[in-house]
Novice: 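Sharing a structure, written as structure tokens. Questions coming.
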Amino acid sequence: MGGWTASHAKRVLAGWLLLMIALGGIVAATGMNLATTYKVTGTESMEGLAVMAKRLPQAAGASEQVLFSTGGDIEGQRTAIESFIGKARKIEGVSTVTDPFAQQTRTVSRDGHHALVLVQTDSSVGEAAGEPGPKAKAVSKELTQLASATQKSSPDLTVQRGANIGNSTSIGMSATELLGLVIAAIVLIVTLGSVVAAGAPLLTAATGVAIGMLGMLVAANFIDINSSTPVLAVMIGLAVGIDYALFIISRAREYLAEGVKPKEAAARANATAGSAVLFAGGTVIVALCGLAVARIPFLTVMGLSAAAMVAVAVLVAVTAVPALLGLLGGRLAPAKRKARKSRARGWVHFVTRVPALTFLGVVAIIGFLAVPLDQVRLALPTNGNEPVGTVQRDTYDAISRAYGQGYNSPIVVVADIKKSGNPLVQVTETAGAIGKLDGVDKVSLATPSPDGSFAFIQIIPKKGQADPATTKLVKEIRDAAPGLEKRFGLENVMVTGHTAVAIDIAAKLSSAILPFGIVVIGLSIVLLLIVFRSVAIPIIASLGYLLSLAAGMGAVGAVFGWGWAADLLNVSKVGAVISFLPVIVMGVLFGLAMDYQVFLVSRMREVWLRTGHAKLAVREGFESSAKVVTAAAVIMIGVFAAFIPHGMPAVKPIALALTVGVAVDAFLVRMTLIPAVMAMLGRKAWWIPRWLDRILPSIDVEGETGPDAQAREGQDAQRPEGGDSESAPTVASGANGRSAGD
């Protein structure tokens with residue numbers, strides 16, 4: 001493939017360009033149809049919303065709160081507020097607007113300076129879970145105009161919309177994310193020593209990301225793709241795209257330095273480093289597709305979307321990169337430099353001199369970084385997670401100050417009413433019983449449906465949606481449901497509403513962490529067992545991954561739990577982080593950790609197969625790959641870190657966890673811990689039972705049994721052990737590249 005694409009470079013590059021233009025045209029014609037909510041199936045809260053849509057459609061649509069505030073007595077602004085209510089009720093799609101001065105729906109604050117109005121719409125405006133309907137923008141515009149007119153009519157009155165109705169969807173990216181590309185460019189220039197060579201990975205990575213993003217937006221016309229999914233996919237696709245291109249170009253430059261012609265160098269680089277890229281990218285793809293284990297639709301789509309982005313990055317790397325190599329030719333050849341002492345050689349000698357001490361030191365450092373791990377709390381984002389200064393955040397904070405956080409997180413209880421003479425009494429008594437539970441601030445609304453067959457009760461918890469006390473309250477109401485049904489003649493009591501939906505999603509995502517973790521670790525062991533024909537290497541690689549994961553999650557706990565560096569990182573609200581953070585970070589970090597494992601240890605295995613010297617394999621394999629892996633890690637860290645300062649609230653903690661996780665994994669685990677442990681194990685690091693070796697498929701990741709490896713065998717045959725006390729076995733590369741000694 002590398003040889004063909006290098007010989008037909010213009011056709012290959014034109015093909016990718018035409019695909020990008022075609023996808024761009026489709027997106028321009030259809031627009032961005034991204035979803036704004038997170039949904040799960042099979043939960044009581046979602047079932048309750050479906051029942052509400054049938055039995056009480058007036059209360060099944062979108063809703064938002066409007067806060068009226070004044071420096072004096074809010075009663076003095078009653079005329080202006082009632083005028084707002086009357087006009088809002090006439091807006092098409094609005095079903096209910098509560099009166100804050102009425103006895104049943106009174107929401108005047110204790111200090112008398114505020115009044116809270118609930119605007120409820122039908123399903124034509126949006127769903128209760130938050131997805132906008134066809135009338136959403138029109139209703140939002142009218143409410144904004146009405147709020148502005150009301151405030152102008154009474155200068156002492158401040159009107160703040162919650163802005164949940166008609167909340168527009170956008171891909172939350174800013175110019176700050178471009179800093180990652182700047183960092184990548186600097187690292188590439190330093191590593192490759194050439195502006196032309198540095199520009200090639202950036203160009204191909206940008207091409208892959210553009211095509212992946214446009215393809216995702218096209219797919220959004222047919223399936224629900226959440227607005228945070230493209231940002232995650234871009235972050236991952238950009239990082240792996242640059243790294244994969246770098247690996248192939250670096251190997252091609254080695255061949256060019258040896259005098260190999262450009263097209264042949266492209267072919268050989270694709271056959272060796274390109275094969276490793278294909279395997280490494282496949283590992284990331286499988287890990288991201290593994291998110292389907294959670295059986296949560298939006299998480300599955302998120303994983304598949306990110307996996308598709310990585311797949312495009314891999315395809316671009318193994319086609320467009322060789323094409324550029326063939327097109328640019330000798331201009332990518334490295335300049336001749338004076339030989340100098342390798343820093344990688346000094347480092348690997350240092351960490352393997354007393355490997356046990358290195359092992360203990362690394363584990364101690366990572367253990368310290370993981371201490372805040374228990375501070376990570378999971379929930380879905382609310383308006384309180386929006387950046388300070390936005391309409392949603394300002395209104396959320398104002399309501400919290402005036403009433404308490406619970407007023408931003410109402411809970412809905414619905415039930416079927418058995419035939420009785422007075423459904424209003426049934427609903428009122430049920431609401432009274434629920435209102436006595438710990439954690440309930442007040443019952444804001446309790447009413448039967450117009451036909452008297454369905455109960456609707458809205459309660460205000462004392463704490464916010466992400467607070468454990470609110471989760472506990474939802475559970476208590478559900479536990480009390482059988483007693484309420486028996487006592488008040490009800491059936492099918494369900495807790496629902498946006499707050500309950502968020503709590504149920506968080507619970508389901510939390511329950512998915514363990515099975516997904518088992519799948520990821522199991523996958524890691526199987527893949528590495530196949531690649532490296534070793535029992536020890538997959539085990540230590542997987543344990544190293546767990547250490548990196550703990551460090552990354554510990555960083556999230558320190559920033560979002562303890563508040564460390566929160567202002568520096570522009571964290572708008574300290575507290576709970578997005579519920580799917582653990583599984584996303586587990587999947588992505590696993591794939592990237594296996595990338596570094598493959599690129600480092602495959603070079604070690606290459607030396608081991610040629611020489612049979614265990615310690616020499618560690619040192620020479622490390623030295624030959626450390627420079628490019630270091631550059632790749634720094635680039636990936638820079639790309640992820642650029643998404644922290646101004647990233648979306650859902651993406652920011654994920655970017656932080658991946659930044660720290662990749663840094664720890666690359667530099668502490670793969671480039672320090674792994675060489676030390678392999679040095680301690682010696683030949684045992686490469687041991688595998690004969691029966692297992694026979695049944696495993698053979699994957700030649702780096703062309704270890706190809707012409708290049710065979711050409712080097714003669715050079716290595718006379719090489720001394722270099723200080724390794726073990727005797728060197730006779731090595732014969734067979735069909736599977738196994739040593740005769742095994």
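Small disclaimer: the values here were computed from a predicted structure and weren't measured.
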Novice: Quick one: does Thr499's side chain have a donor or acceptor within less than 3.5 Å of a partner on Gln465's backbone?
Specialist: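 No; judged by distance alone, with no hydrogens or angles, the pair does not exist.
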
Novice: Would you say the side chains of Gln77 and Ser154 form a donor-acceptor pair under 3.5 Å?
Specialist: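 Ser154 and Gln77 do have a side-chain donor-acceptor pair below 3.5 Å.
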
Novice: Roughly how far apart are His113 NE2 and Ile74 CD1, rounded to 0.5 Å?
Specialist: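 It is 9.5 Å, given to the nearest 0.5 Å.
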
Novice: What's the spacing between Ile457 CD1 and Ile434 CD1 if we round to 0.5 Å?
Specialist: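 Spacing of CD1 (Ile457) from CD1 (Ile434) equals 4.5 Å.
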
Novice: How long is the span from the CD atom in Gln65 to the CD atom in Gln160, to the nearest 0.5 Å?
Specialist: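 Interatomic distance, Gln65 CD to Gln160 CD, rounded to 0.5 Å: 12.0 Å.
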
Novice: For Pro645 and Asn570, which heavy atoms make the closest approach, and how far apart are they?
Specialist: O-ND2, 2.7 Å

Novice: Quick one: pull up CD1 in Ile85 and CG in Asp99 and give me the separation to the nearest 0.5 Å.
Specialist: 4.5 Å

Novice: Using distance alone, with no hydrogens and no angle criterion, decide if Ser95 and Gln120 have a side-chain donor and acceptor under 3.5 Å apart.
Specialist: no

Novice: For Leu288 and Ala307, work out which heavy atoms get closest and say how close.
Specialist: CD1-N, 3.6 Å

Novice: Is Thr496 reaching over with its side chain to a backbone N or O of Ser45, donor-acceptor style, under 3.5 angstrom?
Specialist: yes

Novice: Any donor and acceptor pair, going by atom type alone, linking the side chain of Arg161 with main-chain N or O of Ser140 inside 3.5 Å?
Specialist: yes

Novice: On a heavy-atom basis, which atom in Ile165 and which in Ser63 lie closest, and how many Å separate them?
Specialist: CG1-C, 4.2 Å

Novice: Is any side-chain heavy atom of Val94 closer than 4.5 Å to one of Arg89?
Specialist: no

Novice: Is Ser83 reaching over with its side chain to a backbone N or O of Thr79, donor-acceptor style, under 3.5 angstrom?
Specialist: no

Novice: Given side chains that start at C-beta, do those of Phe456 and Val427 come closer than 4.5 Å, heavy atoms only?
Specialist: no

Novice: Using a 6.0 Å cut-off, check whether atom CD of Gln104 has over 12 heavy atoms from anything other than its own residue.
Specialist: no

Novice: As a test of understanding, state which of Thr43, Thr471, Val495, Leu380 forms a side chain to side chain contact (heavy atoms under 4.5 Å, CB included) with Ile503.
Specialist: Thr471

Novice: Output every pair passing side-chain hydrogen bond (donor to acceptor under 3.5 Å, both in side chains) with a member in residues 478-492, not counting sequence neighbours, ordered by first then second residue.
Specialist: Glu44-Arg478, Asp416-Asn492, Lys475-Asp479, Arg478-Asp504

Novice: From Tyr407 OH over to Leu118 CG, what is the distance, rounded to the nearest 0.5 angstrom?
Specialist: 12.5 Å

Novice: For Asn383 and Asn164, which I'm curious about, is there any donor-acceptor pair between the side chains at under 3.5 Å?
Specialist: yes

Novice: Run the side-chain hydrogen bond (donor to acceptor under 3.5 Å, both in side chains) test on Ser444 and Gln458 for me, step by step, so that the C-alpha distance in whole Å, both residues' side-chain angles and the decisive distance to 0.1 Å come before the verdict.
Specialist: CA-CA 6 Å; Ser444 59; Gln458 186 179 71; 3.0 Å; yes

Novice: More than 12 heavy atoms of other residues, nucleotides or ligands under 6.0 Å from CG of Asp451: is that the case?
Specialist: yes

Novice: What is the minimum heavy-atom distance between Gln392 and Ala163, and which atoms define it?
Specialist: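 Scanning both residues completely, I find the closest heavy atoms to be CG-CB, 4.0 Å.
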
Novice: State, to 0.1 Å, how close Pro57 and Arg55 come at their nearest heavy-atom pair, and which atoms those are.
Specialist: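 Nearest heavy atoms, Pro57 then Arg55: CD-C, 3.6 Å.
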
Novice: Main chain of Asn385, side chain of Ser572: is a donor-acceptor contact present, judged purely on distance under 3.5 Å?
Specialist: yes

Novice: Count the heavy atoms of every other residue, nucleotide or ligand shown that sit under 6.0 Å from NZ of Lys442, and state whether that count exceeds 12.
Specialist: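 Check passes, neighbour count above 12.
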
Novice: Less than 4.5 Å apart, side chain to side chain, heavy atoms only: is that true for Ile417 and Pro448?
Specialist: yes

Novice: Would you indicate whether Glu92, at its atom CD, is surrounded by more than 12 heavy atoms from other residues, nucleotides or ligands within a distance under 6.0 Å?
Specialist: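 Open: at most 12 neighbouring heavy atoms sit under 6.0 Å from CD of Glu92.
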
Novice: Got a donor-acceptor contact below 3.5 angstrom from the Arg393 side chain to the Pro387 backbone?
Specialist: no

Novice: How long is the straight-line distance from CG of Leu473 back to CD1 of Ile459, given to the nearest 0.5 Å?
Specialist: 5.0 Å

Novice: Specify the closest pair of heavy atoms between His114 and Ala402, including all atoms of both residues, with the distance to one decimal.
Specialist: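 Minimum heavy-atom contact is CD2-CB, 3.5 Å.
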
